[in-house]
Amino acid sequence: MQIRVRFAPSPTGELHIGGVRTALFNWLFARHHKGRFILRIEDTDILRSQENFTNSIIDNLKWLGLNWDEGPEVGGEYGPYFQSQRLAIYKKYADYLLKEGKAYFCYCTPEELELRKKQMQKEGKPPVYDGHCRNLSYKEREKFEREGRKPTVRFKVSEGIELKVRDLLRGEVVFKSDVLGDFIILKSNGTPTFNFANVIDDSLMKITHVIRGEDHLSNTPRQLLLYQALGFNPPLYAHIPMILGKDGSKLSKRHGATSISYYREKGFLPWAVVNYLALLGWSTPDSQQFFEKEELIEKFSLERVNKSPAVFDPRKLEWMNAEYIRKMETEKLVNLLIPYLKKKGWVKEEIDSATYRKIFRITELERDRLHLLSDILEIADFFFEEEFAYDTKAVEKRLNKEYVYPLLKRIKVEIDKMEHLSEENLEVLLRNLSRELSLSTAEVFHPLRVALTGRMKGPGLFELAAVLGKEEVIRRINRTLDWLKKHKVKSSV
RNA sequence: GUCCCCAUAGUCUAACGGAUAGGACACCGGGUUUUCAUCCCGGCGAUGGGGGUUCGACUCCCCCUGGGGGCACCA
């Protein structure tokens, strides 16, 4: 039997971290077993579903590399894969249940329901539908219809039965039908509710395994009942642990960025995100951290998914991203960095070969400092901006010394004599100068670094100076000298 | 309130019923380096509590506690 799993997001918001992890586990399971991974858009909430969310979800899944075999854009023999295009199907099955006496029309208004629910909670009972409309007479129904009430369709749940969910991770979980209550399968506007559409689609699409978040575990008994009533065989279930925020509650916006778009824009690499997320709730016997794609597919198994929820740790994700950035070929990294530079206006849309070589070299020099691709904007500004600011602490610590002004002046003079500024001849120059002036090398290097970059940290001094070139280095030293004078820093008086 | 799930360091996790409870992030310290980063070395730190079962329990059972999730005309 071919394994078929699906990811069924609803386009009421951006794809978020938890959704990605669910999609990932489904995708890995399918790929591992050479099965099919299906994408289905659950857009039955007319009010909240938006097409741009659908597009963004699809776009981000592609970006992550979680490709699907059936679904939007690729089609498939069990479509359509948008629930909004399957309304007639749900209607048909609802009619069937109605005809069989397994469902009925309910005319209760949301307000009435709310009131009774509160009452039941007060009495310490599970807040379930009380069956108010279960046995309406023909006359009563007529009356409601005349009032203009639009009915929902409710599924009849018999009391006193036990529903056993066989979960691949948790074993048998038993629910009593009494806590379920007759639930709605068709809203008054004719669209199906989640439980109903889900069961029908999973059946019709021949889904064999439902891998979803643990928050769906309590929905499962209702769905089991529907499978029974409809005469379908339920799939196998695996309810994977939730992803929580730092405070231990379900990951949400108040924990910071949760939408995958954010991570994408910040410059997280798709595979770093995938690799990190794979480790949330799953592990190998040796706690391996890094996986290549094929390796992850090969090693992944539901048996090794654990049951307890996991806290999402952005710091570890960032670390992992940095690791992948370091491991990447420079040329690839350059190409990923260029869009950020363009957007910032540091390089033109058309990149000539000289500019490319410069970016390449800068990438080599800065790559170990990048955690995110966008970090390049913070740490490499001085390579592209001539009028960078001097860091206050750097001025205080490195420039505010008597010897600095004459030193920089001397360095300038010496560099000016050079035919060409290279890493080598600059190093020779500075080391000789330190000996001649009885200064430590650090006392020579640090002020120059601040003069050239405005800050105390950064790539090797000789290397970065070579990238800037003789003319620019001299210009920057002059600028610093002027600046020192103007600001009456100790070294210039 | 009610039902369900879960429980190894701050975090992610490993450990046939039998190791000094292993690894990773973070944190702290040291080394390398002109700075930062990288890299290398080292350190801190965990089986929630109580009962059982067993020669022996992180592991099995029960209770407690704690945390999470569901209980929508949301999915």
Side-chain angles (χ1 to χ4, degrees), chain A residues 8-13 42-45 47-49 83 106 108-110 113-114 117-118 120-128 150-154 165 167 169-170 173-176 178-181 183-189 191-195 197-198 213-221 239 241-242 244 246 248-250 276 279-290 306-313 315-320 322 326 366-371 379 394 398 427 430-431 434 440-446 448-450 453 455-462:
Chain A
S10 98
T12 53
E42 307 217 330
D43 53 354
T44 53
D45 186 341
L47 289 175
R48 297 195 303 148
S49 292
Q83 288 190 328
C106 169
C108 297
T109 65
L113 294 171
E114 186 62 28
K117 180 166 296 175
K118 284 212 176 108
M120 297 182 92
Q121 271 193 17
K122 219 180 284 170
E123 290 167 19
K125 286 186 260 185
V128 296
K150 288 260 179 293
T152 59
V153 176
R154 277 188 192 272
V165 178
D167 187 276
L169 304 181
R170 292 158 210 281
V173 183
V174 183
F175 294 84
K176 292 195 175 55
D178 306 43
V179 303
L180 265 27
F183 54 92
I184 293 175
I185 55 176
L186 233 47
K187 306 174 205 169
S188 56
N189 67 7
T191 60
T193 56
F194 162 73
N195 282 311
N198 212 256
E214 199 210 298
D215 47 344
H216 288 296
L217 185 54
S218 323
N219 279 316
T220 314
H239 289 93
M242 306 254 73
L244 312 177
K246 205 174 164 45
S249 65
K250 193 173 173 177
Y276 172 73
L279 261 21
L280 250 36
W282 174 83
S283 61
T284 57
D286 60 351
S287 292
Q288 182 180 340
Q289 301 292 310
F290 291 95
N306 70 18
K307 294 181 280 191
S308 47
V311 174
F312 176 70
D313 181 5
R315 287 180 307 179
K316 184 163 179 180
L317 171 57
E318 204 173 299
W319 161 77
M320 187 161 270
R326 272 179 230 121
E366 294 282 22
R367 60 182 305 156
D368 281 353
R369 265 167 291 270
L370 297 176
H371 287 198
I379 61 176
R398 306 299 192 201
E427 178 164 7
L430 296 184
R431 290 196 189 279
S434 87
S440 71
T441 52
E443 284 171 316
V444 176
F445 295 159
H446 292 320
L448 182 57
R449 168 185 299 284
V450 178
T453 70
R455 57 181 78 200
M456 295 196 281
K457 317 169 180 183
L461 180 58
F462 318 129

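Here is the naming used below: chain letters follow the sequence lines, and residue numbers restart at 1 for every chain.
- Residue-level contact check: A:R326 touches the backbone only, with heavy atoms under 4.0 Å from sugar-phosphate atoms and none from bases.
- Look at A:E366 and A:R369 and you find a salt bridge, because one of the NZ, NE, NH1 or NH2 atoms lies within 4.0 Å of a carboxylate O, short of that distance.
- When the P atom is compared between B:C28 and B:C71, the two are found 43 Å apart, to the nearest whole Å.
- Going from the C1' atom of B:G66 to that of B:G49 covers 10 Å, rounded to whole Å.
- No side-chain donor-acceptor contact under 3.5 Å links A:T193 and A:N195.
- Shown here, B:G1 forms a base pair with B:C71; the pair counts as Watson-Crick or G-U wobble because both key distances fall under 3.5 Å.
- Going from atom CZ of A:R315 over to atom CD of A:E318 covers 10.0 Å, rounded to the nearest 0.5 Å.
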Practice item. Do nucleotides 7-26 of chain B as a string where each nucleotide becomes B, S or -: B if the base has a protein heavy atom under 4.0 Å, S if just the sugar-phosphate does, - if no protein is that close. Key: S--BSBSSS------BBBSS
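- Between A:L244 and A:P110, the residue anchored closer to the 5' end of RNA chain B is A:L244, taking for each the nucleotide with the nearest heavy atom.
- Nucleic acid contact class of A:S10 (heavy atoms, under 4.0 Å, all strands): sugar-phosphate only.
- Using a 4.0 Å heavy-atom cutoff across all strands shown, A:S440 reaches no nucleic acid atom at all.
- If you check every strand for non-hydrogen atoms under 4.0 Å, A:T193 touches sugar and phosphate atoms only.
- A:G458 comes within 4.0 angstrom of a base, heavy atoms only.
- Here A:R170 lies in heavy-atom contact (under 4.0 Å) with sugar-phosphate atoms only.
- Side-chain contact, A:N198 with A:E42: a donor N or O sits under 3.5 Å from an acceptor N or O.
- A distance of about 49 Å separates the P atoms of B:U38 and B:G1, rounded to the whole Å.
- In summary, the aromatic rings of A:W319 and A:F290 are positioned with their centroids under 6.0 Å apart.
- Contacts of A:V174 with the nucleic acid, taken as non-hydrogen atoms under 4.0 Å apart, involve only primed sugar atoms and P, OP1 or OP2.
- With salt bridges taken as basic N to acidic carboxylate O contacts below 4.0 Å, one links A:E214 and A:R170.
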Sub-3.5 Å pairs of nitrogen or oxygen atoms, protein against nucleotides 29-34 of chain B:
unit_1, atom_1, unit_2, atom_2, d
B:U34, O2', A:H446, NE2, 3.1
B:U34, O2, A:R449, NH2, 3.4
B:U34, N3, A:L461, N, 3.4
B:U34, O4, A:L461, N, 3.3

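- The pair A:K250-A:D215 counts as a salt bridge, with a side-chain nitrogen and a carboxylate oxygen less than 4.0 angstrom apart.
- When distances are taken from the side chain of A:D368 to each of B:C71, B:C5, B:A37, the shortest belongs to B:A37.
- Considering only residues two or more places apart in sequence or on other chains, A:F194 meets the ring-ring contact (aromatic ring centres under 6.0 Å, His included) condition with A:H216.
- B:G67 and B:U8 are spaced 15 Å apart, taking the C1' atom of each and rounding to whole Å.
- Here, B:A37 and B:U32 have their P atoms 15 Å apart, quoted to the whole Å.
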